[in-house]
Student: 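Let me give you the structure first, and then I'll get to my questions.
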Protein chains: 2
Amino acid sequence: MPEFRNDNELQKALRGAGLRPTRQRMALAELLFGQGDRHLTAETLHEEAQRNAVSVSLATVYNTLHQFTEAGLLREVAIEGSKTYFDTNTSDHCHFFLEREGTLEDISPEAIDFNRLPEPPAGMKISRVDVLVRLVEQD
Amino acid sequence: MPEFRNDNELQKALRGAGLRPTRQRMALAELLFGQGDRHLTAETLHEEAQRNAVSVSLATVYNTLHQFTEAGLLREVAIEGSKTYFDTNTSDHCHFFLEREGTLEDISPEAIDFNRLPEPPAGMKISRVDVLVRLVEQD
DNA sequence: ATTTGTGCAAATCGTTTGCATCTGA
DNA sequence: TCAGATGCAAACGATTTGCACAAAT
C-alpha cells in the first residue's frame, strides 16, 4: 500500500524502481495513490486523467500500469471477463466482486481465515492465493 | 459434475436445458464430458473437435460453451489474462493455477478449509467464493 | 412450416506494438 | 547527448455478431 506525502517521495519511489519520474508517470501516480486504495482499469484511469486535464495516451497508461505493477506499486487482480483490474493495495488481501456492477472492494485480511491450504504438487510452491468472494443482491 | 453414460442421457440433459440436441452440440458434449474433469478454452475444444473429425465452427464452440454454462453443465473459471477457461467440474472446488504453463488443476474440496468468511455488505449475499492457488517452480 | 442452430466473415473490445518524435538526466 | 518515454495508429488475439443457409421439431 504505497503512500506518498509529496512529489519528492513519489519521485524517489519511481527512481528506486528504475523509472524516470516523467510528467505522465508522476501525474498518473498522483491519481493512483493520492486517494486511498483503489481498483481500476486502464480505461478508468485514462478517463480520469483526461478529466483532470492530464494529457496521456492510453498506450502510456497501459505501459505505466504494467511498470508500476512490476515495481511492486500495484497488483493485478484476476477477474473473469475481458478487463484487467489494478489494485493500489499491494498487501495480502482478498476481494469482494460485485457481480452486478463489475466492481471490486477490498476485504480486510482478518475477515478471511484459512484452516488449511493444499499441499502444492512436488517441485512446486505456492506463489499466491487469490480469493474472490462474489456478491449478488439478496433475494 | 455431469456424467453421461450414453447419447440418450446426453440428449435428455440438453433437452432439459432447452437446447436441441444437434449434431454439433452432441459431439462437443461427448468431448467435454466423455473423459473425466477437464479445463479447456474455446480454442482447445475447437482444435480437439477438428482432430476428432468433428466439424464445428469456432463461433459454434463459443456459443455452445456459453449455453452449457448457463445450463449448469460447465463453470467458467476466472484467470487473469485473455482466455476464458471452462471447467467440466461444476461442483464447489478450488483450483491450482500453474503460472508457467497457464493450466488449471482441481483441488479436492477437503484440501482447503475456511475458518471464517467475511460478512457480505448489507443487502448482498455471497454467490460463490473463487479460490485460485497460484503455483510456481520451487526455487 | 416454423423455430432454432450453424458457419462464415466482418465487427468489436481490450490490449500491445512499431516507429517517429520528444524529454529528462 | 542520448537512452529512455511518449503518442499515434496500426496490429493483435480473443470473443461476438449479422446474416444467409441448414437442420430439428
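Naming: A, B, ... by sequence-line order, numbering from 1 per chain.
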Student: Identify whether any heavy atom of A:Thr41 sits under 4.0 Å from a base atom; if not, whether one sits that close to sugar-phosphate; answer base, sugar-phosphate or nothing.
Tutor: nothing

Student: Of the candidate nucleotides D:dT16, C:dT16, D:dA23, which contains the atom at the shortest distance from the side chain of B:Arg20?
Tutor: D:dA23

Student: Which nucleotide, C:dG5, C:dA9, D:dA14, lies nearest any side-chain atom of B:Ala59?
Tutor: C:dA9

Student: Measure from the side chain of B:Ser57, starting at C-beta and using heavy atoms only, and say which of D:dT6, C:dG7, C:dT16 lies closest.
Tutor: C:dG7

Student: Starting from C1' on C:dT15, measure out to CZ on A:Phe86 and report it in whole angstrom.
Tutor: 10 Å

Student: Please determine whether a side-chain nitrogen or oxygen atom of A:Gln24 lies at a distance below 4.0 Å from atom OP1 or OP2 of C:dT23.
Tutor: no

Student: Does the side chain of B:Arg25 get closer than 4.0 angstrom to OP1 or OP2 of C:dT4 through an N or O atom?
Tutor: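 For C:dT4, neither OP1 nor OP2 has a side-chain N or O of B:Arg25 closer than 4.0 Å.
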
Student: Quickly work out the A:Met26 CE to D:dG4 C1' distance and round it to whole Å.
Tutor: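 Rounded to the whole Å, the gap is 17 Å.
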
Student: Ignoring backbone atoms, test whether B:His66 places a side-chain nitrogen or oxygen under 4.0 Å from the OP1 or OP2 oxygen of D:dT15.
Tutor: no

Student: Can you measure B:Gln67 atom CD to C:dT4 atom P for me and round it to whole angstrom units?
Tutor: 12 Å

Student: Nearest 0.5 Å, please: how far is CG in B:Asp130 from CZ in A:Phe97?
Tutor: 10.0 Å

Student: Can you measure A:Glu80 atom CD to C:dC13 atom C1' for me and round it to whole angstrom units?
Tutor: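 Those two atoms, CD and C1', are 16 Å apart.
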
Student: Establish, with yes or no, whether the OP1 or OP2 oxygen of D:dA14 is under 4.0 angstrom from a side-chain nitrogen or oxygen of A:Ser82.
Tutor: no

Student: So if I take every side-chain heavy atom of B:Arg15 and compare against C:dA25, D:dT25, D:dG7, which nucleotide ends up nearest?
Tutor: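 For B:Arg15, the side-chain atoms sit closest to D:dT25.
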
Student: Within less than 4.0 Å of OP1 or OP2 of D:dT6, is there a side-chain N or O belonging to A:Thr22?
Tutor: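 Answer is yes, contact under 4.0 Å.
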
Student: Counting side-chain heavy atoms from CB outward, which of D:dG7, D:dG4, D:dT16 is closest to A:Ser55?
Tutor: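 Taking heavy atoms from C-beta onward, the closest nucleotide is D:dG7.
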
Student: If you only use heavy atoms from C-beta on, which nucleotide in C:dG14, D:dT6, C:dC8 is closest to the side chain of A:Lys83?
Tutor: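 Between C:dG14, D:dT6, C:dC8, the one nearest the side chain of A:Lys83 would be C:dG14.
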
Student: Working to the nearest 0.5 angstrom, can you tell me the gap between B:Leu135 CG and B:Thr103 OG1?
Tutor: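 Going from CG on B:Leu135 over to OG1 on B:Thr103, the span is 9.0 Å.
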
Student: Nearest 0.5 angstrom please: B:Thr90 OG1 to B:Leu74 CG, how far?
Tutor: 8.0 Å

Student: Quickly work out the A:Asn63 CG to D:dT6 P distance and round it to whole Å.
Tutor: 7 Å

Student: Counting only side-chain heavy atoms from C-beta out, which of C:dG7, D:dA24, D:dC8 sits nearest to B:Val56?
Tutor: C:dG7

Student: Is the phosphate of C:dT23, meaning OP1 or OP2, less than 4.0 Å from a side-chain N or O of A:Arg23?
Tutor: no

Student: Measuring from B:Leu19:CG to B:Thr64:OG1, what's the distance to the nearest 0.5 Å?
Tutor: 8.5 Å

Student: Identify, between B:Pro21 and B:Tyr62, the residue whose nearest nucleotide on DNA chain D lies closer to the 5' end.
Tutor: B:Tyr62

Student: What is the separation between atom CG on A:Leu45 and atom C1' on C:dG14, rounded to the nearest whole Å?
Tutor: 15 Å

Student: Whole angstroms only, please: what is the CG-C1' distance between A:Leu58 and D:dA9?
Tutor: 12 Å

Student: Can you tell me how far apart CG (B:Leu65) and CZ (B:Phe86) are? Round to the nearest 0.5 Å.
Tutor: 4.5 Å

